[in-house]
Amino acid sequence: MAGRLADALRDSWDSDLAWSFRHSPYAMVAAIVFIACVGTAALAPWVAPHNPFDLARLDLSNSLKPPMWIAGGDPSYPLGTDDQGRDILSTIFFGARISLEVGIAAVLFSMGLGVALGLLAGYVGGKTDAFIMRVADVQLSFPAILIALLIDGVARAVFPGAHDSMAFWVLVLSIGVSGWVQYARTVRGSTMVEKNKEYVQAARLFGIHPLAIMVRHVLPNVLGPVLVIATIHIATAIITEATLSFLGVGVPATEPSLGTLIRIGNDFMFSGEWWVTLFPGLALVIMVLAINLLGDWLRDALNPRLR
Amino acid sequence: MIRRLLQAIVVMLVVAFVAFSLFQYVGDPVQLMMGQFATPADRIRLTHELGLDQPFYVQFFHFVVNALHGQFGVSLRIGKPVSVLLAQRLPATLELSICAALLALAVGIPAGVYAGLRPNSWLARTAMSASLVGVSLPTFLIGILLILVFAVKLGWLPAFGRGDVVHLGGWSTGLLTRTGLESLIMPTITLGLFQLTLIMRLVRSEMLEVLRADYIKFARARGLSDRAVNFGHALRNTLVPVITITGLQLGSIIAFSIITEQVFQWPGMGLLFVQAVSYADIPVMAAYLCLIALVFVVINLIVDLLYFVVDPRLRVDRPGAAGH
C-alpha cells in the first residue's frame with residue numbers, strides 16, 4: 001500500500017506538469033507565497049499575535065501606534081495598530097481569510113453555473129444554445145464590477161435590515177453571477193468538439209441518458225481549461241470583493257476583509273497614519289500577484305501552444 | 001449592419017426590462033412616498049395616479065416611453081429628478097474617462113509596438129513585468145497610493161474633488177483652470193493605468209504574431225525600409241483587434257470610473273451610483289444602468305463601423321459579416 005502511494009507520488013513528480021513547475025522559478029516562488037497566504041489565513045485564529053475581534057482585549061490607549069521600526073512603535077504590534085487599537089498584522093490575517101473565503105466560494109459558484117450552462121449549450125445545441133449564448137454575450141458587454149454592484153444593490157433593496165447577516169452570501173452571489181460567462185464559453189466550445197467523438201456516440205448507442213453522458217463522459221474531458229480560468233478567476237474575484245468592500249457595499253465592518261481594511265485606513269491617510277491602509281493593500285497585492293503568476297504558469301504548462 | 005442595429009435595440013429593451021423590474025419588485029413606492037400615516041383611500045388614489053394599477057405591459061410601455069424622453073423619476077435619496085442629477089454629473093465623468101482613454105492609447109500603443117519589435121530588450125522585459133504587477137493592482141489601491149505619495153507626502157497635487165470648474169452652457173469643465181487640470185492628473189492615471197497595461201500587452205502580442213507572417217518577410221525581401229515594414233504593414237494589421245478592445249474598454253473605463261470617483265471623491269455619475277447602491281435608491285440605479293447600457297451599445301456599433309474603415313476585406317467579400 002505504502003509502496004503504491006510512493007509510486008503514485010514519484011509518477012506525479014515526474015509528470016510534465018511537475019517538470020515544468022520545477023523549471024519555473026516564478027511559479028515556485030508564487031506557489032510558496034500563495035501557500036503561505038492560505039496557511040496564515042486558514043490558521044489566523046492561532047497564528048495571529050492578537051485577536052482583533054475580542055472587544056475585551058482592545059485598548060484605545062493602543063490606538064494608531066506606528067509600525068515597530070518607527071519611533072513610538074511597540075514590538076508587540078509589528079505593523080502598528082488602527083484607530084480602535086487593533087493590531088494591523090492580525091487584522092490582515094483575519095481579513096485575508098475573509099477575502100479568500102469570498103473569492104473561492106464565488107469562483108466555485110461561477111464555475112458550477114458556467115460549466116453547467118456551457119455543457120448544456122454545447123451538448124444540446126439549437127435554441128437552448130442560442131439563448132444561453134445570447135445572454136452570455138449581453139452580460140459580457142458589461143463589466144463584472146457593475147453587475148456585482150447591481151446585484152448587491154438589489155439584494156439591499158429586497159432584504160432591508162437583514163443585509164449585514166447575509167452580506168457574505170450576497171457578495172458570493174454577486175461576484176459569482178458576474179463571472180460565469182467565461183466558463184460557459186470555454187466549456188461550450190470543447191463540448192461541441194467532444195460530442196462528435198466515438199466514445200460519446202458509443203455511449204449514446206448504449207442508450208445512456210443524455211444527462212449521464214454529459215456529466216460522466218463529456219465533463220471530465222472538458223475540465224482542463226476550466227482549471228486555468230478558475231485559478232486566474234480567484235485573483236479577479238478577490239480584487240472584485242476588495243473593490244466592493246472598498247466602495248462600502250461588501251462585508252460589514254465588524255468582519256473586515258482586506259478591502260474593508262483599506263477603506264477604513266483610507267480615512268486616516270490624511271492625518272499621516274499611512275500604515276493602516278498601506279499594509280492591508282500590500283497584502284492584497286502580494287496575494288493576487290502570486291495567484292496571477294500561478295495561473296499564468298498553469299496556462300503555459302497545460303497548453304504550450306498558447307505561449 | 002441592420003441585424004446589428006436590431007440586436008442593439010433588443011439589448012436595450014432587455015436592459016430597460018431589468019431596470020423596470022427593479023422598480024416593480026423592489027420596495028413599494030406608495031409606501032415610501034406616503035409614510036406610515038396614510039389612509040387606505042389615499043393609498044388607492046396615489047396608486048392610481050402613479051399608474052401602478054395598470055397591467056404590467058402597459059406600465060412597461062410607459063416606462064420605456066418615459067426613458068426615451070429621459071424621464072426616470074425622482075431620486076429617493078436626494079429628491080430631485082434623476083435626469084437632472086445625471087446631467088449635472090455627466091461632464092465630470094466624461095472628461096475623466098476620455099482623458100484616461102487617451103492616456104492609455106498614447107502610452108499603451110507605442111509601448112506595445114516597442115515591446116513587439118524588440119521583445120528581448122531590457123526595457124521591454126521591464127515593461128512586461130511591470131504590466132503583470134499593474135494587472136494585479138486593484139484600481140482603488142493605485143489611487144490610494146498616488147494620493148499617499150503625491151498629495152499627503154509631497155503635497156504636489158490635490159487629493160480630491162475637481163478643483164475650479166468653468167460653466168460653458170450646460171457643461172461644466174475642469175480643463176480650463178489650473179486647479180481643474182491639477183485635480184485631473186491623479187484620477188486620470190488611476191483610471192487609465194489598467195487599460196494601458198492591457199493595450200500594451202495586446203499590441204505586443206499582435207505585433208509578434210504579425211511580424212511572423214509571410215507578407216512581412218516578403219516586404220523585407222523586397223528591400224522596404226524597416227520603418228515602412230513595421231509601421232506601414234505590421235502596425236496597420238494589428239489595429240483591428242486593438243480597435244475592438246479599445247472600443248469595448250472605453251465602456252469599461254466609464255464603468256470603472258465608479259471606483260476612481262469614489263477614491264478621489266470626483267463628483268461624477270459613478271459616485272452618484274455608488275451612493276444610490278448603498279441607499280437602495282432604485283430610480284438612480286435604473287437610470288444609470290440604462291445610460292451605461294446605451295453607451296456600451298453605441299460603442300459596439302461604432303466599433304463595428306470602424307472595422308469597415310480599417311479592414312477593406314470586410315467591404316469586399318463579406319459585406320454582411322461585420323457582426324462576428
Side-chain angles (χ1 to χ4, degrees), chain A residues 26 134-135 137-138 140-160 163 232 235-236 238-249 258-259 262-263 265-266 269-274 277-278 280-282 284-293 296, chain B residues 7 10-11 14-15 18-19 21-22 25-27 76 129 132-133 135-145 147-149 151-153 159-160 248-249 251-256 258-259 262-263 270-271 273-282 284-286 288-289 292-293 296-297 299-300:
Chain A
Y26 281 119
R134 198 49 359 138
V135 174
D137 279 349
V138 172
L140 203 64
S141 57
F142 294 93
I145 186 86
L146 199 65
I147 292 165
L149 261 176
L150 193 77
I151 296 175
D152 196 277
V154 172
R156 240 162 240 275
V158 175
F159 312 105
H163 189 272
I232 297 177
T236 323
I238 288 176
I239 289 189
T240 310
E241 185 280 325
T243 306
L244 289 175
S245 291
F246 176 76
L247 292 176
V249 297
L258 290 176
I262 296 168
R263 174 169 58 99
N266 197 21
M269 215 166 55
F270 295 104
S271 46
E273 284 93 16
W274 48 268
T277 192
L278 189 67
L282 277 181
L284 180 70
V285 172
I286 289 172
M287 196 156 82
V288 169
L289 190 59
I291 300 175
N292 272 336
L293 284 171
D296 267 11
Chain B
Q7 201 178 329
V10 170
V11 169
V14 169
V15 172
V18 171
S21 320
L22 285 181
Y25 297 109
V26 176
L76 302 178
S129 314
L132 193 63
V133 180
V135 173
S136 304
L137 266 175
T139 312
F140 65 95
L141 205 59
I142 299 172
I144 290 176
L145 293 178
I147 292 180
L148 182 63
V149 174
V152 178
K153 292 282 171 195
F160 54 85
L248 297 177
Q249 288 304 315
S252 33
I253 284 184
I254 294 177
F256 270 103
I258 295 172
I259 303 158
Q262 172 81 7
V263 175
L271 199 56
F273 179 66
V274 168
Q275 287 159 354
V277 169
S278 40
Y279 285 90
D281 190 347
I282 297 290
V284 175
M285 280 166 66
Y288 183 80
L289 183 69
I292 290 284
F296 271 95
V297 165
I299 287 174
N300 273 330

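In what follows, every chain begins at residue 1, and chains take the letters A, B, ... in the order their sequences are listed. Everything numeric in this text was worked out from a predicted model, so none of it was measured.
When the candidates A/Thr243, A/Leu293, A/Thr277 are compared by the number of heavy-atom contacts under 4.5 Å with chain B, A/Thr243 comes out ahead. Annotation: maximal heavy-atom pairing with chain B below 4.5 Å, among A/Val285, A/Leu289, A/Thr236, A/Ile291, occurs at A/Leu289. With respect to chain B, the highest number of heavy-atom pairs below 4.5 Å among A/Ile286, A/Asp296, A/Leu278, A/Ile262 belongs to A/Ile262.
Contact annotation for B/Leu148: both backbone and side-chain heavy atoms come within less than 4.5 Å of a heavy atom of chain A. Heavy atoms of A/Ala242 lying under 4.5 Å from chain B belong to its backbone as well as its side chain.
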Test B/Val263 against A/Phe246 for side chain to side chain contact (heavy atoms under 4.5 Å, CB included), laying out the working first. CA-CA 9 Å; B/Val263 175; A/Phe246 176 76; 3.4 Å; yes
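Residues A/Leu284 and B/Pro138 share a closest heavy-atom pair of CD2-CG, 3.5 Å.
Residues satisfying the side chain to side chain contact (heavy atoms under 4.5 Å, CB included) test with B/Ile299, not counting sequence neighbours, are B/Leu250, B/Val295, B/Val303. B/Val149 pairs by the side chain to side chain contact (heavy atoms under 4.5 Å, CB included) definition with B/Leu154, not counting sequence neighbours.
Atoms CD1 and CG, from A/Ile239 and B/Leu137 in turn, are 8.0 Å apart once rounded to the nearest 0.5 Å.
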